[in-house]
Every structure is written in structure tokens, then in C-alpha cells.
Amino acid sequence: MLEKFVIEGGKKLKGSVRVSGAKNSALPLLAASILSDDGLILHNVPDVADVRTMLKALELLGVKFDFDRENGTLEIDSSNVKPVEIPYDIIRRMRASVLLMGPLLARFKKAYVYTPGGCAIGARPIDLHIEAFKKLGATYTVKEGYSVLKTRKLKGNYICFDKVTVTGTENVVMASVFAQGETIIENAAIEPEVEDLCRCLVKMGAKIEGVGTKTLRIFGVKSLGKAEHTVIPDRIEAGTFVIAAAVTNGKIKIENANPYHLDAFLSKVEDAGVEIETGDDFIKVKGVKNLKSVDIETSPYPGFPTDLQAQFMVLMLKAEGVSRIKENIFENRFQHVQELKRLGADILLDGNIAIVKGGKALTGADVMATDLRASASLVLAGLFAKGETRVHRIYHLDRGYQNFEKKLKALGAKIKRDRD
Ligand code: EPZ
């Protein structure tokens, strides 16, 4: 059933909000659970659509689980995992199911995962994943749409990614935990979610050195055991709420957040004039009347995160002046621009650069969500546009934000979920 958010702009956000666990950490951790038949216990797992899709995929593989959606504790029993095919129906809902390739290859020496297509933000090939699997001794063919990986035995090797890839790094780390000898991954992604996965794998008994750095060394072990792990807070959800407070000139405290995972983003938000105060597990945000235009460009961690580009663009719509936003990671991550223009935004696109002329009042209208983070930016714009904004197809947003409208309502926003 298609649903929409109906938002009445103009309310200042006040109070505190608790951030959920990171979707992009929970997904690789769920995939990693099939590496051991002793099970895995995860805490702070977000109850979002992408996690539910990954759990469906795990069920197909014979995994049993008990998910307490309220408190986020997930107990996984992976004692009966079988290497069945991961079908199109799973992949079309969530391309991150490719994260099952590495663990299936490592544990069963074969993986049948339907080949992911592109998505709204870009072609998103997995050539780097496949090249790395081949370096570890796997053969790769495509059969009736399935990517088929097979091996007699995985052997450690030297892998240097010519492009930083988050799930590529995660997939190859998981593929190499049982490989014979040592695997070195150069130019590894160092996103906090990659580090979170490595920490959990080490708790399960994997031998990984250089965790959190661009050079990972994995020494193959015989098997992995049971572990208990808490998913890190979702830095992208936290960043989204920072912008929500800033654009409504509000004052909020974001709890269960890790500000150290948002250095580049928070420093740009402060450059725009927003008042930020941080502690070990919170971010306090105070909006100001006169925001300043700031240029950003996205890059792999620890640079400005591409997943907060659309949200930051909305902040720039409130700032006086012109800001230049350069998207370096995905070739088509400006889907939100067309929609923001319906609200009266003045944005000029030139290839992978958006020129944002801020300071113009926005007026509520019907807009359509196209991808996860773009949909969040449309809600943020609706929070300060004059009148009513209706954001359609919010299933995109439900993929990665838990109870988004409930959290915003608790902060004073006028927002409700309706049938489309
Ligand atoms: C992860 O996607 C995240 N998803 C994305 O978050 C995030 O935007 C992205 O990393 C960048 O930070 C998950 O972690 C589940 P990449 P991923 O491989 O791993 C190209 C969200 O909103 N590339 O780091 O798919 C690719 O096309 C989502 O939660 C290749 O060319 O991203 C892109 O241009 C959206 N070949 C760039 O590299 C490959 O084999 C970075 O992609 C792999 C990637």
C-alpha cells in the first residue's frame, strides 16, 4: 500500500530524540551471521524495511531468529544454514543482499545471488567485489540472471581496490575469514560501519589486523563461533535530525549518537552558523536565524558523507547566498533537486555539481520520494515550507528510518502518515 507524509511547515523542533542503530552496519552484520553455526546476538538493530528484507533472505538460507523489535535485540540461530539461491525478489528490494556473496562463498564455497541492477542513484556495479573474489580463487559466471561464484578452496591474496567501496570491502573481508593464509586489502573503506563489522568478526574468532584503517590483513581461521555485539548508532539518521533542528530554527538533543562519526558533516554545519555542542553519546543542535551558504563535496569516509548530501542541500536552501554542492560518489544522486524545485527551490544542476541559491521562501506542494536519502530531504524541506507538503511513496524512506514521523512529531513537527 502506497503511503505519504503530510507535513505542515513552520513548527520549531524542540526536545530530545534517540537515534536507532545503523542500518548500514546491521546489514553486513546480519550477512556475517551465516559464517558461524553457533549463532550471533545483536543489540540495537533498527526495525527498518531493509533489515526485514535481509532477515527474509536469511530465512531462505535456513536461519532462525528471534527479533525483539522494541528493544532491538536479535538472536540468530545459524546452525542449519544451507546455500540456497538468493532470488531476484530479494535483490530487487535491496541490493545490499549482495553482502551474502562473501559469507556464502567462505562457508559453502559457492554463492548464487541474483545480479543486482542499478538503482535511482546510479548504476552501482559490483565489478570490484567480483574481481576481488576471483583473486581469492573463485570462478564467476552469470547464469539466468544469477551471479554464480564457486571455488574449490579460497586462498589469501593481495587485493587493492582502485575505488573505495563500502560493501565491496565488507564482502571481501567476509569472504577471506576462512581463506588459506593471509589476505591483504589495500584502499579498504574505513566507514564506521566497516569497522563495526570487523570488530564483530574478531569477537566471533576472525583474525583481522588494521581494523579501522585503509589496509586490512585477514588471516584465515578454521571456523567462527558465537558472539554478542551492539550495532553502532546510525550517523546518517543523526545527521538528518541535525538538519531538521537547523532548518526549523529549533533546539534539540540527539541521544545515542556518536558525534565522532560525523566530524566532516558537523564542521560544515557549524560553518553554516548552526550551534553544535557534542558529548560522547549526544549532539545538541541550536538553529540560528541567519544561516550562511557553504560549499561541500562528498567523498569516502572521513570526508563529507554522500548519504547526507541531499539533507545538507535543504539546509543551504535556508541560507542566504549561493552554495556549491559536488557529488563525487554516485553519478545520479540529485533526484531530490527536481522535487525541491516544486517547492520553489532555486537550484541549478551542472553535471555532478548543484548550485543552490538559498534564502527564498518555499511553499508546500506534492513531491515524490525517489530514493532513501532524497526522501528524507523532502521531509526536511516540508518542515519549513509555507503550508502543507505531501511527500509521496515514502516506502523509500521506511527502508532506512525507524519511526521517522513519530520521532519528528515528538519534537513538535506537524506530520502524519496517510494512504497515498
Ligand atoms: C554503501 O553502498 C551504502 N550502503 C550506501 O548507503 C552509501 O551511499 C555508499 O556505501 C557510499 O558511502 C550500504 O552500506 C548498505 P560503494 P555501496 O560500493 O557499498 C562504485 C544508503 O542511503 N562501485 O561504496 O553500494 C559505486 O557505483 C545507501 O543507506 C563500483 O564502480 O557503495 C559508487 O559510485 C545508499 N564498482 C562508488 O563506487 C563496485 O564494485 C561507491 O560505492 C562497487 C562500487
Side-chain angles (χ1 to χ4, degrees), residues 20-32 46 48-51 53-54 57 91 93-102 113 115-135 140 147 159-175 185 187-197 214 231-232 234-240 261-262 264-265 298-311 327-333 335-336 352 369-377 396-402 404:
S20 302
K23 159 181 93 78
N24 289 349
S25 185
L27 295 176
L29 288 168
L30 288 173
V48 293
D50 274 6
V51 164
T53 302
M54 184 61 96
I91 284 280
R93 283 170 218 263
M94 184 189 61
R95 48 176 302 98
S97 328
V98 294
L99 283 165
L100 291 163
M101 284 177 172
V113 178
T115 307
C119 79
I121 63 178
R124 302 186 72 181
I126 55 167
D127 53 314
L128 300 173
H129 302 229
I130 301 301
E131 285 319 302
F133 291 143
K134 285 181 178 169
K135 287 233 175 80
Y140 168 68
S147 287
I159 291 160
C160 180
F161 280 123
D162 38 357
K163 238 174 150 175
V164 172
T165 162
V166 174
T167 49
T169 303
E170 293 163 344
N171 236 341
V172 176
V173 167
M174 292 190 281
I185 304 175
N187 200 23
I190 55 171
E191 270 66 2
E193 297 77 24
V194 179
E195 182 174 340
D196 204 29
L197 169 69
K214 293 193 78 60
V231 177
I232 56 171
D234 193 314
R235 60 194 167 102
I236 306 304
E237 183 189 10
T240 306
H261 289 164
L262 282 167
F265 167 77
T298 62
S299 56
Y301 196 85
F304 192 101
T306 175
D307 291 352
L308 283 167
Q309 175 257 108
Q311 298 90 320
E327 172 54 59
N328 294 316
I329 306 291
F330 290 107
E331 65 270 28
N332 190 29
R333 201 166 199 174
Q335 303 271 316
H336 42 289
N352 68 336
T370 50
D371 60 270
L372 169 55
R373 306 304 173 180
S375 46
S377 73
H396 288 288
L397 194 131
D398 291 333
R399 293 188 48 185
Y401 288 93
Q402 183 174 353
F404 194 50

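Atoms within each ligand, like the ligands themselves, are counted from 1 in listed order. One-based numbering along the sequence shown.
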### Query
Which one of R399, R95, R93 satisfies the salt bridge (Lys or Arg N to Asp or Glu O under 4.0 Å) criterion with D50?
R399

### Close side-chain approach of L308 and L262, heavy atoms under 4.5 Å
yes

Under 4.0 Å from a heavy atom of [X]: which atoms of ligand 1 are those, numbered in the order shown and with their elements?
{"X": "K163", "value": "20 (C), 31 (O), 38 (O)"}
{"X": "T306", "value": "8 (O), 11 (C), 12 (O)"}
{"X": "H129", "value": "40 (O)"}
{"X": "V166", "value": "1 (C), 10 (O), 12 (O), 16 (P), 18 (O), 19 (O), 24 (O)"}
{"X": "K23", "value": "21 (C), 29 (O)"}
{"X": "I126", "value": "39 (C), 40 (O)"}

Any nitrogen or oxygen of [X], side chain or backbone, less than 3.5 Å from one on ligand 1?
{"X": "F330", "value": "no"}
{"X": "R373", "value": "yes"}
{"X": "T165", "value": "yes"}
{"X": "L128", "value": "yes"}

One residue to check: [X]. Relative to ligand 1, which of side chain, backbone, both or neither has a non-hydrogen atom less than 4.0 Å away?
{"X": "L372", "value": "side chain"}
{"X": "R333", "value": "side chain"}
{"X": "I236", "value": "neither"}
{"X": "D127", "value": "both"}

Out of [options], who gets a non-hydrogen atom closest to [atom]?
{"atom": "atom 2 (O) of ligand 1", "options": "R124, Q309, M94", "result": "R124"}
{"atom": "atom 28 (C) of ligand 1", "options": "D234, D371, D307", "result": "D307"}
{"atom": "atom 23 (N) of ligand 1", "options": "P125, S25, P116, A26", "result": "P125"}

Does [X] reach the main-chain N or O of [Y] with its side chain, forming a donor-acceptor pair under 3.5 Å?
{"X": "E170", "Y": "L99", "result": "no"}
{"X": "E237", "Y": "S20", "result": "yes"}
{"X": "E331", "Y": "E327", "result": "no"}
{"X": "N328", "Y": "T298", "result": "yes"}
{"X": "Q309", "Y": "R333", "result": "yes"}
{"X": "D307", "Y": "I236", "result": "no"}
{"X": "T53", "Y": "M94", "result": "no"}

### Message
Measuring from non-hydrogen atoms of G400 to any atom of ligand 1, is the shortest distance under 4.0 Å?
### Response
no

### Task
Only pairs at least two apart or in different chains count here, so list each salt bridge (Lys or Arg N to Asp or Glu O under 4.0 Å) that has a residue in residues 120-132.
E131-K134

### Query
Minimum heavy-atom separation for N187 to F161, with atom names?
ND2-O, 2.7 Å

### Task
Write out the residue and atom name of the closest protein heavy atom to atom 19 (O) of ligand 1, then the distance separating them to 0.1 Å.
T167 OG1, 2.6 Å

